[in-house]
Peer 1: 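Right, I'll just put the structure down here and ask away after.
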Amino acid sequence: MYSINKQALELVRDELQSEMESLVARLDQSSPVGDMEPLLQGLTHINGVFSLLQVVGGSVLATETIELLKTPVEVDGLPEKHWEVAANAIKLLPSYFQLIQSLEYDNPLILLTEINELRQCRGEVLRDEYFFLSDRLPEKPIVSLLMSIDADQLDVIRLARHLFQKGLIHAVRGNGRKAAVKIMAHGIHRLRKVMTDESELLYWSMVFEVLGALYRGVLGFEQTRLRSLMAIERQLKMLTENASHEKSYPEAHQRAMATHFLLSGCGTESAEKLRDRLGLESLGFSAKEIANLRAQMVANGGANFHETMLVLSDKYDELSFNLDELVLNPEENQEYRKQLQEGFK
C-alpha cells in the first residue's frame with residue numbers, strides 16, 4: 001500500500017535487522033518489573049529508522065509499544081497482560097521487516113491487530129482499517145440526507161432489525177456464523193427493496209455485499225468487522241425511531257462500511273457494478289490477502305499462542321466454506337477445489 005524506497009532500505013537494512021534482533025534478545029533478559037529504558041532506547045532508534053524510510057506500519061507499531069512501556073505503573077510493575085502484548089509486538093518486528101522487504105511495500109493493516117492490542121492496554125480508541133485508508137476513499141458520505149420514512153417502510157425496517165439481531169447474536173458468539181450471516185443478509189435484502197432514495201439504496205446494497213463477503217469467507221470476523229455489524233444494528237434502531245441523519249447514518253460508520261466493502265475485493269459481478277456506481281476505486285489488495293500475509297508473519301515471528309489460533313481459525317472458516325461449496329456443486333466449482341488444495345498444502 002505504501003511503496004518503499006529500496007535504495008534507502010538497502011543502506012540501513014543490515015543495521016536495522018541487527019538492531020531488531022538485539023532488541024528481541026534484550027527482551028528475553030527483561031521483565032515487567034524491570035528497567036524499561038534499554039527496551040525504550042532500542043525501540044526509539046528502530047522507530048526513527050522506520051519513520052525515515054516511511055514504513056508506516058512498523059513506525060506505528062513501535063510508537064504504540066513505546067507508549068505502553070512508558071505508561072506509569074505501580075510498584076508491582078507493568079501488568080502481565082500488558083507485558084505480553086508489548087513483548088509480542090517486539091517479537092513481530094523482525095518478521096514484519098522481512099515481510100515488507102519481500103513485498104517491496106508496507107501495509108499497516110497487517111499489524112492492525114497488534115496495534116489495537118497495544119492501544120487497548122492504554123485505554124485508547126481502537127483503530128479501524130479506514131484510519132490507514134482514508135486517502136483511498138472519498139470524503140463525501142454515501143448518504144448525506146435522510147429522507148422521510150412512511151409506515152410501510154417502517155414495518156420493513158423493524159423486520160430487518162429483528163432478523164439482523166437474530167443473526168448478530170450468533171455471529172458475535174462465533175456459533176454458526178454462516179447461517180447467522182444469511183439471516184442478517186435476508187433482513188438487509190428486504191430493507192433495500194423498499195428504499196426509494198438512491199443514496200440509501202446504494203448504502204444498504206453495500207451492506208448486503210459486505211454480508212455476502214462474510215458468508216463466502218473472503219472477509220473474516222475480525223473485531224473491526226464485528227464492531228461494524230453491531231453498529232448496523234444501532235443504525236436500524238435509529239431508523240425505527242425516526243432519529244436524525246447524524247444518528248441514523250453516522251459518517252464514521254459509512255466510511256467503515258465502504259472500507260469493508262473494498263477490502264472484500266468486490267469479487268462478484270454485483271459488487272463490481274456497485275463499486276462503479278459508488279465511484280470507488282479498487283484498493284489493489286483484499287482482506288483475504290492481508291490475512292494470508294499475517295499468517296506468514298505470525299509463523300515467522302514467534303507470536304503468542306492466542307494469535308496463532310486466531311489465524312488458524314480464520315483459515316478453518318475459509319476452508320470450511322470452500323468444502324461446502326464443492327460438495328454442493330462439484331462440477332461447477334473448480335476454483336474452490338483449487339483453493340482447498342492450496343489450503344491443505
Side-chain angles (χ1 to χ4, degrees), residues 1-2 56-65 67-68 85 89 92 96 106-143 164 168 171-172 174 177 181 184 203-204 206-214 218-236 238 246-266 271 275 278 280-294 297 307 310-311 313-314:
M1 191 177 73
Y2 294 98
V56 177
S59 179
V60 172
L61 185 69
T63 298
E64 295 291 351
T65 308
E67 292 302 316
L68 179 57
V85 170
L92 281 179
Y96 183 71
D106 166 46
N107 194 326
L109 297 188
I110 299 171
L111 295 169
L112 185 59
T113 299
E114 286 73 30
I115 290 168
N116 276 335
E117 285 180 344
L118 291 161
R119 292 182 65 82
Q120 188 173 36
C121 288
R122 295 191 295 117
E124 296 293 327
V125 176
L126 302 186
R127 302 297 191 199
D128 59 14
E129 290 93 344
Y130 175 78
F131 180 82
F132 295 105
L133 297 175
S134 57
D135 59 335
R136 307 289 295 274
L137 282 90
E139 294 183 8
K140 184 179 178 182
I142 298 169
V143 181
F164 200 89
L168 181 61
V172 172
R177 279 177 165 167
V181 169
M184 290 188 284
Y203 175 78
W204 290 109
M206 184 175 66
V207 173
F208 182 78
E209 291 292 345
V210 169
L211 291 170
L214 286 166
V218 294
L219 283 179
F221 287 87
E222 291 88 356
Q223 288 300 312
T224 54
R225 227 86 68 204
L226 290 173
R227 288 199 299 271
S228 288
L229 292 179
M230 290 186 281
I232 292 172
E233 193 282 326
R234 291 194 295 273
Q235 275 188 277
L236 294 171
M238 291 296 101
E246 290 76 14
K247 291 183 178 180
S248 297
Y249 291 98
E251 289 191 15
H253 184 56
Q254 290 191 57
R255 292 193 296 265
M257 289 308 303
T259 304
H260 298 319
F261 174 61
L262 288 177
L263 282 170
S264 73
C266 303
R275 186 182 65 197
L278 290 167
L280 300 175
E281 295 183 4
S282 172
L283 295 175
F285 61 88
S286 67
K288 189 174 181 179
E289 291 168 339
I290 294 295
N292 289 337
L293 290 172
R294 275 193 58 76
M297 179 185 69
E307 172 61 25
L310 286 177
V311 171
S313 177
D314 287 343

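All values below were derived from every heavy atom in this structure, side-chain atoms included, with hydrogens, water molecules and symmetry-related copies excluded.
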Peer 1: Can you tell me if Asp106 uses its side chain to pair, donor with acceptor, with the backbone of Gly57 under 3.5 Å?
Peer 2: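 Present.
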Peer 1: Measure across Ser264 and Val218 and return the closest heavy-atom pair with its distance rounded to 0.1 Å.
Peer 2: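 Scanning both residues, the minimum pair turns out to be O-CG2, 4.0 Å.
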Peer 1: Quick check: closest heavy atoms across Asn107 and Tyr96, and the distance to 0.1 Å?
Peer 2: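 Heavy-atom minimum between the residues: O-OH, 3.3 Å.
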Peer 1: Taking 4.0 angstrom as the limit, do Glu64 and Arg122 come out as a salt bridge?
Peer 2: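 Looking at Glu64 and Arg122, the cut-off is met.
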Peer 1: Report yes or no: does Arg225 contribute a side-chain atom to a donor-acceptor pair with the main-chain N or O of Gly220 at less than 3.5 Å?
Peer 2: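 Yes, the answer is positive, given that a donor and an acceptor are paired below the 3.5 Å cut-off.
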Peer 1: If every non-hydrogen atom of Leu118 is compared with every non-hydrogen atom of Ala89, which pair is closest and at what distance?
Peer 2: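 Shortest heavy-atom separation between Leu118 and Ala89 comes out as CD1-CB, 4.0 Å.
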Peer 1: Whether the Tyr203 and Gln235 side chains hold a donor-acceptor pair (N or O, under 3.5 Å, no angle test) is what I'd like checked.
Peer 2: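 Gln235 and Tyr203 do have a side-chain donor-acceptor pair below 3.5 Å.
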Peer 1: Under 4.5 Å between any side-chain heavy atoms of Leu137 and Leu262, yes or no?
Peer 2: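 Of all side-chain heavy-atom pairs linking Leu262 with Leu137, at least one is under 4.5 Å.
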Peer 1: Nearest heavy-atom pair of Val207 and Ile232: which atoms, and what distance?
Peer 2: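 Where Val207 meets Ile232 most closely, the heavy atoms are CG1-CD1, 3.6 Å.
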Peer 1: Apply the test salt bridge (Lys or Arg N to Asp or Glu O under 4.0 Å) to residues Arg136 and Glu129: give CA-CA distance (whole Å), side-chain angles for both, the deciding distance (0.1 Å), then the verdict.
Peer 2: CA-CA 11 Å; Arg136 307 289 295 274; Glu129 290 93 344; over 6 Å; no
Peer 1: How far does CG of Leu126 sit from CD of Glu124, to the nearest 0.5 angstrom?
Peer 2: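 With rounding to 0.5 Å, CG (Leu126) is 9.5 Å from CD (Glu124).
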Peer 1: Under a 3.5 Å distance rule, please check whether Glu117 uses its side chain to pair with a backbone N or O of Val85 as donor and acceptor.
Peer 2: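 Not confirmed, Glu117 side chain does not pair with Val85 backbone.
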Peer 1: Side chains of Val143 and Gln254, heavy atoms from C-beta outward: is any pair under 4.5 Å?
Peer 2: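 Side-chain contact under 4.5 Å: yes.
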Peer 1: Could you give the distance from CD (Glu222) to CG (Asp128), rounded to the nearest 0.5 Å?
Peer 2: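 Output value for this atom pair is 12.5 Å.
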Peer 1: For Glu281, is the CD atom crowded, meaning more than 12 foreign heavy atoms sit under 6.0 Å from it?
Peer 2: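 Counting neighbours around CD of Glu281, 12 or fewer heavy atoms of other residues, nucleotides or ligands fall under 6.0 Å, so no.
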Peer 1: In Å, rounded to the nearest 0.5 Å, how long is the span from CD1 of Ile110 to CE of Met297?
Peer 2: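 Output value for this atom pair is 7.0 Å.
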Peer 1: Do you know which two heavy atoms are closest between Ala271 and Cys266, and how far apart they sit?
Peer 2: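 What the structure gives for the nearest pair is CB-CA, 3.7 Å.
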Peer 1: Please find the pair of heavy atoms, one from Arg177 and one from Ala171, that lie closest to each other, and give the distance.
Peer 2: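 Between these two residues, the closest heavy atoms are NE-O, 2.8 Å.
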